[in-house]
> 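One structure coming up, written as C-alpha cells, with questions to follow.
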Amino acid sequence: MNEPLEDTTQAGSLAGLAYLPVSLFGSVMGLCGLATAWELAAIEFGLPGWVGDAIGCAAVVVFVVLVVAYAIKCFRSPAAVRAEFAHPVAANFFATPIISLLLLPAIVAPHALVLAQVLWIAGTVAMLGFAWLIVSRWMSVRQQIAHATPAWIVPVVGTLNISTAGVPLDLPGSQPVCVFALAVGLFFAVPLFTLILSRLIFEVPMPHPLQPSLMILVAPFAVGFSAYFGVAGRLDLFAELLFYLAVFMLAVLLPKLVRLRSCSPFHTSWWAVSFPLSAMTLAALKFCIEKPGWLAQAFALSMLAFTTLVILSLGLRTGKGMVEGELRALTL
C-alpha cells in the first residue's frame, strides 16, 4: 500500500523540474565571472583569496546540480525541452550551459589543468556548433522584429568567451581558434546590437519579466574587451574603445536595474544581469591594472562590491524560491 504513495511523492517532487528554464545556467556564468574577478582582485589588491575560491566552488556545484536537474527534465519532460528549444527567444539561452563550460576552466585550471583543457575544448566545439545552428536558423526562417531581444546576443557573441578562456590555457594550436572566435563574436555584435536597439526604440517595450535581459547589452563590449585584450596582449586604442562603450551602456542600463525591484516581482530571468555585471567587473579590474589611477581603481572595486551583492541576493532569493516550491511561479 505504501509503494504507490512513494512513487506519487517522488513524481510530484520531480514534476517541478519541467519548469526549470535552461536560462538558469546564466547563474553559473555570473558566478564564474565573479570568482575570476575576486581572484584577480586578490592578486592585485590583496583582497581575501578565499572569497574567489568559495564563489568558484559554488559555481562548480551549481553547474553540476543544474546539469543533473536539466537531464532529468530532458528524460521526464522532453516535450517541454523541445518547446523551449523551438521558442524564438528562449532557444538562445541554450548557449548558457555551453558558455558555462567555457568559463569553468578558469576556476578548474589551478587544480586540474587537463580537466580545464578538456572542458574548454568541449565548450569551444559546442559553442561554435551552436552559433552556426542559430545563425543558420535566422537565415532560413523568417524572424519577427518583436523577437529581437538581448537574448539574441548570447549564442553568437558568446563565442567571445572562447577567447577569454582559451588564451590563459595556452593550448597548442589554440591561438588561431581564439582569433577566429574573437572575429565571429565582434563581427556579429555590431548588427545584432543595432537590430536589438532598433526593436527597443520602435517597438513596444519588452515585458517586465524580460527587462533584466537588457543588461546583456553590456556584455558584447565588456567580454569583447577581455577577449581582445587577451588575444592582442596589450591595451591599445581599440581595447579602450570597447571598455568605454561597456561603461556607457552600463550607465544607461543601471537605472533600469535599480528600478527593477519596484516594477517587477522576482523572476528567474533576473539572473540575466549576473554575467554582464561580472564581465564588466572583470574588464574594469583588468583596465585599472593596465592604466592605474584612483578613478579606475575606485570604479573597479565598486563594481566588485556591487556585483557581489547583486549575485548574493539573487542566489538567496532563488534558493528560497526552490525550497518553498515556487519554481513554476518564478519561471512563468
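By convention here, the first residue in the shown sequence is residue 1.
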> Minimum heavy-atom separation for Ala95 to Val154, with atom names?
CB-CG1, 3.8 Å
> Nearest 0.5 angstrom please: Asn92 CG to Phe85 CZ, how far?
9.5 Å
> Using the test side chain to side chain donor-acceptor pair (under 3.5 Å), find all partners of Trp271 that sit at least two apart in sequence or belong to another chain.
Thr318
> Rounded to the nearest 0.5 Å, what separates atom CG in Leu282 from atom CD in Glu39?
10.0 Å
> Applying the side chain to side chain donor-acceptor pair (under 3.5 Å) criterion to Trp38, which one of Asp53, Thr308, Thr307 satisfies it?
Thr308
> Can you tell me if Lys73 uses its side chain to pair, donor with acceptor, with the backbone of Leu20 under 3.5 Å?
yes
> For the residue pair Met280 and Leu250, what are the closest heavy atoms and their distance?
CG-CD2, 3.8 Å
> Are Leu312 and Phe275 linked, directly or through other ILVMFWY residues, by side chains that come within less than 4.5 angstrom of each other?
no
> Report yes if the side chains of Ser274 and Val310 come closer than 4.5 Å at any heavy-atom pair, otherwise no.
no
> Is it possible for you to say whether Val190 and Ile134 belong to one hydrophobic cluster, with membership spreading through side-chain heavy-atom contacts below 4.5 Å?
no
> For Phe130, check ring-ring contact (aromatic ring centres under 6.0 Å, His included) against everything at least two apart and list the hits.
none
> Will you find, in the side chains of Ser226 and Thr164, an N or O donor that is under 3.5 Å from an N or O acceptor?
no
> Could you measure the distance from the CG atom of Leu47 to the CG atom of Leu301? Nearest 0.5 Å is fine.
6.5 Å
> Test your reading of the model: is there a side-chain donor-acceptor pair from Glu84 to the backbone of Pro21, 3.5 Å cut-off?
no
> Please answer whether the main-chain N or O of Ala227 pairs with a side-chain N or O of Ser163 as donor and acceptor at a distance below 3.5 Å.
no
> After noting the C-alpha distance and the side-chain angles of Leu197 and Leu217, does the key distance pass the side-chain contact (heavy atoms from CB on, under 4.5 Å) rule?
CA-CA 9 Å; Leu197 187 61; Leu217 295 175; 5.8 Å; no
> Can you give me the closest heavy-atom contact between Thr159 and Ala131, atom names plus distance?
CG2-CB, 4.0 Å
> List the steps and the verdict of side-chain contact (heavy atoms from CB on, under 4.5 Å) for Ile196 and Thr149.
CA-CA 6 Å; Ile196 294 165; Thr149 65; 5.9 Å; no
> Is there a path of hydrophobic side-chain contacts, each under 4.5 Å between heavy atoms, that joins Val223 and Phe248?
yes
> Which atom pair, heavy atoms only, marks the closest approach of Val177 to Thr124?
CG1-CG2, 3.8 Å
> Atom CG of Leu24 and atom CZ of Phe93: how far apart are they, to the nearest 0.5 Å?
11.5 Å
> Quick check: closest heavy atoms across Ala296 and Phe287, and the distance to 0.1 Å?
CB-CD2, 4.4 Å
> Are any of the side-chain heavy atoms of Ile153 and Phe188 separated by less than 4.5 Å?
no
> Heavy-atom distance under 4.5 Å between the side chains of Leu40 and Ile289, does that happen here?
yes
> List the steps, then state whether side-chain contact (heavy atoms from CB on, under 4.5 Å) holds for Leu171 with Ile121.
CA-CA 10 Å; Leu171 271 168; Ile121 292 171; 4.1 Å; yes
> Would you say Thr36's side chain and Cys32's backbone share a donor-acceptor pair under 3.5 angstrom?
yes
> Glu203 side chain to Ile201 main-chain N or O, any donor-acceptor pair under 3.5 Å?
no
> Hey, are Lys291 and Glu240 close enough for a salt bridge, meaning a charged N less than 4.0 Å from a carboxylate O?
yes
> Indicate the ring-plane relationship of His87 and His147, choosing parallel, tilted or perpendicular according to the 30° and 60° boundaries.
tilted
> For Phe243, run the ring-ring contact (aromatic ring centres under 6.0 Å, His included) check against Phe225, Phe229, Phe238 and tell me which one passes.
Phe225
> Quick one: are Tyr228 and Asp236 in side-chain contact, heavy atoms under 4.5 Å?
yes
> Say whether Leu102 and Val114 are linked into one hydrophobic cluster, either directly or through other cluster members, by side-chain heavy-atom distances under 4.5 angstrom.
no
> Within a 6.0 Å radius of atom OH on Tyr244, are there more than 12 heavy atoms belonging to other residues, nucleotides or ligands?
yes
> I'd like to check Leu101 versus Trp120 (side-chain heavy atoms, cut-off strictly below 4.5 Å). Are they in contact?
no
> Starting at OG of Ser136, measure out to CH2 of Trp132 and round the result to the nearest 0.5 Å.
4.5 Å
> Just verifying a value: how many Å separate Ile107 CD1 and Cys57 SG, rounded to the nearest 0.5 Å?
8.5 Å
> According to side chain to side chain contact (heavy atoms under 4.5 Å, CB included), who are the partners of Gln175, at least two apart in sequence or on a separate chain?
Val179, Val231
> Is the number of heavy atoms from other residues, nucleotides or ligands under 6.0 Å of Phe45 CZ greater than 12?
yes
> Run the numbers on Phe221 and Val247 for side-chain contact (heavy atoms from CB on, under 4.5 Å), then give the verdict.
CA-CA 9 Å; Phe221 309 112; Val247 173; over 6 Å; no
> Does Thr96 use its side chain to pair, donor to acceptor, with the backbone of Val22 at less than 3.5 Å?
yes
> Please name the pair of heavy atoms, one in Ile98 and one in Gly123, separated by the smallest distance, quoted to 0.1 Å.
CG2-O, 3.5 Å
> Is there side-chain contact between Ile162 and Leu182, with at least one heavy-atom pair below 4.5 Å?
no
> Is it possible for you to say whether Tyr70 and Val67 belong to one hydrophobic cluster, with membership spreading through side-chain heavy-atom contacts below 4.5 Å?
yes
> Does Trp138 reach the side chain of Val156, with side-chain heavy atoms less than 4.5 Å apart?
yes
> Between Lys286 and Glu44, does a salt bridge (charged side-chain N to carboxylate O under 4.0 Å, His left out) hold up when you go through it step by step?
CA-CA 10 Å; Lys286 292 178 179 179; Glu44 297 296 332; over 6 Å; no
> Check this for me: Phe187, atom CZ, are more than 12 non-hydrogen atoms of other residues, nucleotides or ligands nearer than 6.0 Å?
no
> So do the side chains of Gln143 and Trp152 get within less than 4.5 Å of each other, counting heavy atoms only?
yes
> Can you tell me which residue among Val64, Val65, Leu66, Val60 is in a side-chain contact (heavy atoms from CB on, under 4.5 Å) with Val62?
Leu66
> When you measure from the side chain of Arg199 to the backbone N and O of Val204, does any donor-acceptor pair fall under 3.5 Å?
yes
